[in-house]
Amino acid sequence: ADIGNQTPGLSFSQAFGRDTDRPVIRGLGNVLAGVQFGVESGVAIFIDGALFRGDIQSLNFDALERIEIVKGPQSALYGRNTYSGAINLITKTPGDSFTGTIRARAAEYDEYMVSGSIDIPIAPGVVAARVDGRYYEYGGQYRNSLTGRKVGQEESTNVGATLYVTPGDNFR
């Protein structure tokens, strides 16, 4: 939602929770995307140029270097379901020094998040690796008056790894 608030012509809507993200670029979208089987949004989401079919809210945004939003029809470059645009999430490149980060958050309604990453130089300047992960849990905000159970609970685990090889100046 924050990305949509800072990008003209982009908005996000949801039908039922995180797994029904519906990005809309310039008003072109499909209201049945994520709700009816087989119906997809007019905006495709990519991670480092590879198509991503999951919900982007479960991703580890600490692992991202930047987000590219391409508006307008992009079928020639990105393939189908990009008639209104494409969102490409670019992950961070592993560094040449051994570094790591860890973050944690606790909030009301039993919301917990832990994320971390580590950069591992294997052959400095030639081969490096990065491993990152995120665990998120939300206990739910409302209670079903009939069953007494909480509504809106979410939990996700995300793990990613990157192997970055640069054998020459013109190849990576």
Over all atoms of both residues, closest heavy-atom pair of [X] and [Y]:
| X | Y | value |
| --- | --- | --- |
| A44 | L51 | CB-CD1, 4.1 Å |
| A63 | D132 | CB-OD2, 3.4 Å |
| G95 | A128 | O-CB, 3.6 Å |
| L10 | P23 | CD1-CB, 4.4 Å |
| K92 | L64 | CE-O, 3.4 Å |
| G116 | N60 | O-ND2, 4.2 Å |

Please check if [X] and [Y] belong to a single hydrophobic cluster, counting links between Ile, Leu, Val, Met, Phe, Trp and Tyr side chain heavy atoms closer than 4.5 Å.
| X | Y | result |
| --- | --- | --- |
| L59 | I118 | no |
| Y138 | Y112 | no |
| I69 | I45 | yes |
| F61 | V43 | yes |
| I67 | F52 | yes |

Donor-acceptor pair, [X] side chain versus [Y] backbone, under 3.5 Å?
| X | Y | answer |
| --- | --- | --- |
| D119 | R130 | no |
| T166 | G125 | yes |
| R66 | I90 | no |
| K71 | P8 | yes |
| D48 | T91 | yes |

When rounded to the nearest 0.5 angstrom, what is the spacing between [atom1] in [X] and [atom2] in [Y]?
| X | Y | atom1 | atom2 | answer |
| --- | --- | --- | --- | --- |
| I122 | Y164 | CD1 | OH | 14.0 Å |
| I47 | N88 | CD1 | CG | 9.0 Å |
| D2 | T7 | CG | OG1 | 10.0 Å |
| L89 | E65 | CG | CD | 12.0 Å |

Would E111 and E137 satisfy side-chain contact (heavy atoms from CB on, under 4.5 Å), going step by step from the backbone distance to the final call? CA-CA 6 Å; E111 181 179 10; E137 181 179 347; over 6 Å; no
Show your working on side-chain contact (heavy atoms from CB on, under 4.5 Å) between T82 and F46 and close with a plain yes or no. CA-CA 11 Å; T82 56; F46 299 86; 4.3 Å; yes
I would like to know whether E155 and Y136 meet side-chain contact (heavy atoms from CB on, under 4.5 Å); could you show each step before the answer? CA-CA 6 Å; E155 181 180 10; Y136 176 80; over 6 Å; no
Q141 vs E108, test: side-chain contact (heavy atoms from CB on, under 4.5 Å). Steps then yes/no. CA-CA 9 Å; Q141 185 174 357; E108 60 186 343; over 6 Å; no
Taking only residues two or more places apart in sequence, or in another chain, which ones meet F171 in a side chain to side chain contact (heavy atoms under 4.5 Å, CB included)?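 For F171, the residues satisfying side chain to side chain contact (heavy atoms under 4.5 Å, CB included) (neighbours in sequence not counted) are P167.
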D62 with R134: basic N within carboxylate O range, under 4.0 Å: no
